[in-house]
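One structure is given below, encoded as structure tokens.
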Amino acid sequence: DIQMTQSPSSLSASVGDRVTITCRASQSITNCLSWYQQQPGKAPKVLISAASRLQSGVPSRFSGSGSGTDFTLTISSLQPEDFATYYCQHSLGSPWTFGQGTKVEIK
Amino acid sequence: EVQLVESGGGLVQPGGSLRLSCAASGFTFTTYWMSWVRQAPGKGLEWVANIKEDGSDTYYGDSVKGRFTISRDNAKNSLYLQMNSLRAEDTAVYYCAALGHSSVWFLDYWGQGTLVTVSS
């Protein structure tokens with residue numbers, strides 16, 4: 001099975017900060033990587049698919065990059081509504097796996 | 001508006017069974033692969049199972065293989081998860097999701113989740 005490792009597990013940041021979250025796959029997953037945002041008590045929401053494709057309605061301050069084994073999610077200017085937990089997930093064959101999550105907290 | 005509404009969660013004893021349902025509306029259910037994803041209390045997300053549009057193909061996570069069965073009734077726009085031989089570690093919020101595809105698969109639409117608690 002492909003393991004997904006996110007870093008950091010948590011971070012504290014201020015409104016307006018640039019935030020970067022990384023996700024590493026245990027083997028190449030080409031671009032079969034999605035990013036999700038989960039607010040407390042709510043269902044996850046997809047932000048990015050295919051490593052870098054911004055989903056409809058997602059603010060342009062979110063961006064994704066990478067291929068193979070190393071990926072990043074960047075929030076260019078953190079907004080109050082961005083404080084949440086973020087997950088990466090691969091879809092290169094079964095079983096699909098998620099990273100352990102990165103909690104973005106207010107500094 | 002896309003809606004996915006899960007139901008059927010509750011308290012069940014270890015070794016017991018439970019069947020979850022997910023009612024879909026606002027999109028053409030018969031053209032979407034569907035998934036179940038779960039989240040244990042205070043933990044991360046875990047993919048459980050996928051099913052093809054017509055139900056002819058299914059895939060399962062290692063932790064549920066042989067115990068859980070995903071199915072669908074396209075005439076009723078409904079997705080199901082039959083859970084047998086339940087264990088304490090199956091305690092989680094269970095989400096149904098519709099898959100999107102943009103050269104790669106992703107979990108596009110999500111329900112609000114239903115809580116399953118396995119405890120004596």
Side-chain angles (χ1 to χ4, degrees), chain A residues 1-10 21 23 25 28-58 64 66-68 71 73 84-103, chain B residues 1-7 9 20 22 24 27 32-52 57-68 70 92-115:
Chain A
D1 298 357
I2 298 172
Q3 306 304 317
M4 307 299 294
T5 304
Q6 285 181 236
S7 61
S9 295
S10 64
I21 299 168
C23 179
S28 177
I29 57 170
T30 62
N31 70 333
C32 298
L33 190 283
S34 302
W35 289 97
Y36 302 86
Q37 176 194 66
Q38 187 177 32
Q39 304 281 4
K42 294 194 174 181
K45 168 190 171 183
V46 62
L47 300 175
I48 287 169
S49 66
S52 61
R53 183 171 302 185
L54 196 67
Q55 292 303 114
S56 175
V58 175
S67 67
F71 302 86
L73 173 70
T85 301
Y86 295 84
Y87 296 91
C88 62
Q89 175 246 329
H90 87 81
S91 55
L92 182 72
S94 181
W96 291 1
T97 51
F98 289 87
Q100 80 278 17
T102 296
K103 187 173 184 179
Chain B
E1 179 195 4
V2 170
Q3 277 203 314
L4 293 168
V5 180
E6 301 94 337
S7 60
L20 305 183
C22 173
F27 65 104
Y32 278 76
W33 282 67
M34 297 294 294
S35 282
W36 287 99
V37 175
R38 69 183 182 183
Q39 187 169 36
K43 303 297 184 182
L45 300 169
E46 180 186 10
W47 171 75
V48 172
N50 284 351
I51 187 167
K52 195 177 178 181
D57 272 339
T58 57
Y59 301 88
Y60 296 92
D62 294 340
S63 61
V64 306
K65 202 173 295 183
R67 299 187 301 124
F68 289 12
I70 188 171
V93 173
Y94 285 74
Y95 296 100
C96 70
L99 301 191
H101 192 265
S102 59
S103 75
V104 305
W105 292 102
F106 61 96
L107 297 150
D108 197 358
Y109 306 124
W110 295 68
Q112 84 289 349
T114 187
L115 176 62

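The chains referred to below are lettered A, B, ... by the order of the sequence lines, with proteins before strands, and numbering in each begins at 1.
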Exercise. Quick one: list whatever passes salt bridge (charged side-chain N to carboxylate O under 4.0 Å, His left out) with B/Lys52, sequence neighbours left out.
Key: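 For B/Lys52 there are no salt bridge (charged side-chain N to carboxylate O under 4.0 Å, His left out) partners, ignoring immediate neighbours.
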Quiz item: With a 4.5 angstrom heavy-atom cut-off, which part of B/Gln39 approaches chain A: side chain, backbone, both or neither?
Solution: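 When you check distances to chain A, only side chain atoms of B/Gln39 fall under 4.5 Å.
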Quiz item: What part of B/Lys65 lies closer than 4.5 angstrom to a heavy atom of chain A: side chain, backbone, both or neither?
Solution: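 Answer is neither: B/Lys65 stays 4.5 Å or more from chain A.
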Exercise. Return the set of residues passing ring pair (Phe, Tyr, Trp, His ring centres under 6.0 Å) with B/Tyr60 (not counting sequence neighbours), or none when no residue passes.
Key: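 Residues passing ring pair (Phe, Tyr, Trp, His ring centres under 6.0 Å) with B/Tyr60: none at all.
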Quiz item: Hey, are the side chains of B/Leu107 and A/Gln89 touching, using non-hydrogen atoms and a 4.5 Å cut-off?
Solution: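 With C-beta onward as the side chain, the pair touches.
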Quiz item: Would a 4.5 Å heavy-atom cut-off, applied to side chains only, mark B/Asn50 and A/Ser94 as touching?
Solution: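 Not in contact.
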Exercise. Would you please go through residues 93-102 of chain B and name the residues with a non-hydrogen atom below 4.5 Å from one of chain A, in numerical order?
Key: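 If one takes a 4.5 Å heavy-atom cut-off, the residues of residues 93-102 of chain B near chain A are B/Tyr95, B/Leu99, B/Ser102.
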Quiz item: A/Leu92, A/Asp1, A/Thr97, A/Thr30: which one forms the most heavy-atom pairs within less than 4.5 Å of chain B?
Solution: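 The answer is A/Asp1.
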Self-check item: Residue-level interface, residues 46-53 of chain A with chain B, non-hydrogen cut-off under 4.5 Å
Solution: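 Answer by number: A/Val46, A/Ser49, A/Ala50, A/Arg53.
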Practice problem: Could you tell me which non-hydrogen atom of A/Trp96 sits nearest to which non-hydrogen atom of B/Trp47, and how far apart they are? | Solution: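 Heavy atoms only, the tightest pair is N-CE3, 3.4 Å.
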